[in-house]
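One-based numbering, in listed order, for ligands and for the atoms of each.
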Amino acid sequence: MAAAPLAVFKLWLDDYVRREGAFEVQAAANHAVGLAERRLGMTIDELDKVAARGVASCRNDHLEVLRSANFSASPVKEFSIIGPDGRTLCSDLGAAPGERAVVASGPIAGRADAALELVQVGSRQERFLRLRRPTITGANVLAALLPPDLLLTPISAAGGPVLSQTQMRLAGGAIVGEAGPAALPTESFVASARSERFGLSVMVLLPRSVKFRQHQDLESIGYMIAGAMALLLFGFAALRPRRTRDNPVVEIEKALKAGEFVPYYQPVIDITTARIRGAEVLMRWRKPDGTIIPPGHFIPLAESSGLIAEMMRHLMRAVRDEMGDAVIDRPFLRFGFNLSACHFRDDSIVADVREIFEGSTIRLAQLVLELTERHPLDNLTSARRVIAALQGLGVKVAIDDVGAGHSGLSYILKLGVDIIKIDKIFIDALGHDSNSTTIIETLMDLARNLRMDVIAEGVENFEQVVALRERGIRAAQGYVFAPPLPGSAFLQLIEATDPVASVQEATLPARRPLALPLAPPLGPRAA
Ligand code: G
Ligand code: G
Ligand code: MN
């Protein structure tokens with residue numbers, strides 16, 4: 001895949017050079033034919049003028065006309081008079097010119113009287129083009145000799161040396177002349193053009209290597225860009241899967257640094273007063289695109305990788321900062337955090353909690369740390385010590401998911417916790433299943449005797465609320481009241497149901513001014 005940009009660039013460059021090369025040789029061929037037609041046209045006009053002035057012999061005054069014609073018609077080497085036998089009688093340069101052998105001859109379109117010839121001149125057999133037309137008066141012929149070089153002026157687009165080869169032929173195929181490097185390149189761009197009027201054709205060849213050399217800068221820049229793209233693609237291909245698929249731990253670490261783990265709050269309701277007593281804090285991974293990922297997808301990995309400790313510290317600080325103001329006027333609110341088994345191995349959680357909340361508006365007595373029964377603890381003794389240390393700070397400790405795990409009543413009896421949270425399994429069975437009902441009643445008795453609070457979890461309808469209240473349970477959470485809410489929504493909920501003004505009138509005469517507009521008071525709160 002990384003080679004793709006290179007291959008694509010190579011194809012593009014090949015195609016670009018091919019198109020440019022083809023265009024260039026065609027233009028050169030057209031240019032050569034155009035030049036030849038103009039110069040041959042001028043020359044035949046000049047011959048016509050000379051003929052019109054009655055020039056027909058080697059007489060001195062006739063030669064004088066030929067000389068002045070040669071002066072004005074620049075591409076012409078000489079004007080001459082040819083006898084009926086084909087021998088050159090004289091030229092504007094003087095009498096008795098050398099031998100001229102006709103190699104080939106062709107007609108001129110629209111001029112039945114005239115012709116274009118290829119002749120060899122002198123001992124060096126130099127090749128010339130010769131235009132001829134009859135004189136008006138006699139049997140002699142007027143002729144003009146043109147060096148083919150003048151018709152084959154090679155052009156170089158870049159202004160450097162001429163690298164293309166140009167070849168001119170008469171209609172019959174005889175070579176009139178060649179220009180440019182002599183050696184024929186094996187691989188070339190080729191184009192040809194024809195002059196219908198004079199029966200001439202021009203072929204231009206340009207070695208492919210020349211064109212590619214001209215684009216070396218472009219080529220090396222292109223290869224650099226394509227190489228960089230290939231590297232980028234390679235980087236994406238090689239690194240991305242490692243980060244997202246092979247190493248999700250790195251993803252979690254990055255998300256932690258970016259502050260993507262945020263607290264959600266599920267209200268805990270006092271079902272005897274319908275007031276909010278606090279919330280269970282549930283972690284959510286809020287991705288930059290707004291996606292919310294539930295804890296089931298990342299908590300197990302966070303726990304096994306050891307990242308959970310730092311994540312919990314981050315979560316606690318977030319709750320402290322987010323809820324700090326609301327708590328000033330509502331000191332009864334409690335916030336529960338879900339701890340992992342690893343938190344109960346040593347007392348670092350004790351130091352963390354103290355460091356994070358000491359001196360904040362959230363008192364340590366407002367914290368509930370939940371220990372789930374779902375996963376077994378590896379060391380009950382150290383867990384007991386950590387729990388006692390937390391309680392020493394005034395923090396409450398709860399056993400979570402009671403009934404869902406395998407510990408039976410042993411955790412409740414051995415760990416000395418403050419709160420038991422009854423699992424949704426029992427709440428669902430309440431009223432339908434007599435065993436569940438019995439277990440709940442047993443738990444209630446136990447809680448009363450051990451002076452523990454009870455919270456019912458996963459309460460989804462009002463029959464369950466009524467059934468729980470009948471059995472003396474005061475606190476409950478569940479979808480019937482509210483799902484886990486983002487911080488802003490939870491703040492709005494407590495402001496709407498527990499406006500600060502009511503607390504103000506009833507209990508606290510002087511307090512700091514509030515930034516929030518005051519909602520109408522609901523009347524004094526029950527003590
Ligand atoms: O919030 P949700 O509704 O999906 O919670 C699913 C489970 O994820 C909870 O029962 C709890 O065990 C776990 N969980 C949620 N938040 C936290 C957290 O902050 N820390 C730990 N360790 N577990 C959490
Ligand atoms: O830590 P714990 O397992 O107790 O976390 C509570 C879990 O139960 C969270 O995943 C929360 O989203 C979920 N939950 C809270 N209330 C309800 C409810 O009424 N019904 C159901 N099915 N799940 C709930
Ligand atoms: Mn919980």
List the closest protein heavy-atom neighbour of atom 16 (N) of ligand 2: residue, atom name, distance to the nearest 0.1 Å. Q266 NE2, 2.9 Å
Of the choices I308, N338, L282, D400, which has the non-hydrogen atom that lies closest to atom 23 (N) of ligand 1? N338
In the protein, what heavy atom is nearest to atom 22 (N) of ligand 2, and what distance, to one decimal place, separates them? K424 CE, 2.8 Å
G478: numbered ligand 2 atoms lying under 4.0 Å from its heavy atoms: 16 (N), 19 (O)
What residue and heavy atom of the protein are closest to atom 20 (N) of ligand 2, and at what distance? E460 OE2, 2.5 Å
With backbone taken as N, CA, C and O and side chain as the heavy atoms from C-beta onward, which portion of M311 lies under 4.0 Å from ligand 1: side chain, backbone, both, or neither? neither
Any luck finding a side-chain donor-acceptor pair between N30 and Q26 under 3.5 Å? yes
May I ask you to decide whether E460 forms a salt bridge with K424, counting only side-chain N to carboxylate O separations under 4.0 Å? yes
Sole candidate of R277, E457, E280 that passes side-chain hydrogen bond (donor to acceptor under 3.5 Å, both in side chains) when paired with Q477: E280
Proximity to ligand 1 by part of R374, non-hydrogen separation under 4.0 Å: neither
Does only the side chain of D401 get under 4.0 Å from ligand 2, or the backbone, or both, or neither? Count heavy atoms. side chain
Contacting atoms of ligand 1, where contact means under 4.0 angstrom from a heavy atom of I299: 20 (N), 21 (C), 23 (N), 24 (C)
Find all atoms of ligand 2 within a distance of less than 4.0 Å from any non-hydrogen atom belonging to P484, and give their numbers and elements. 12 (O)
Is any N or O atom of Y479, backbone or side chain, closer than 3.5 Å to an N or O atom of ligand 2? yes
With a 4.0 Å cut-off, strictly under, does atom 14 (N) of ligand 2 pick up any protein heavy atom? yes
Atom name in E280, limited to N/O/S, at shortest distance from the Mn ion (ligand 3): OE2
Heavy-atom contacts with E457 under 4.0 Å: which atoms of ligand 2 show up? List them by number with element. 2 (P), 4 (O)
Name of the E370 N, O or S atom nearest the Mn ion (ligand 3)? OE1
Proximity flag Q477 to ligand 2, non-hydrogen atoms under 4.0 Å: no
Do any non-hydrogen protein atoms sit less than 4.0 Å from atom 8 (O) of ligand 1? yes
Side chain, backbone, both or neither: which part of T372 has a heavy atom under 4.0 Å from ligand 1? neither
If you consider just the N/O/S atoms, which atom of D400 is the closest one to the Mn ion (ligand 3)? OD2
Element-labelled atoms of ligand 1 that are located less than 4.0 Å from some non-hydrogen atom of L315: 19 (O)
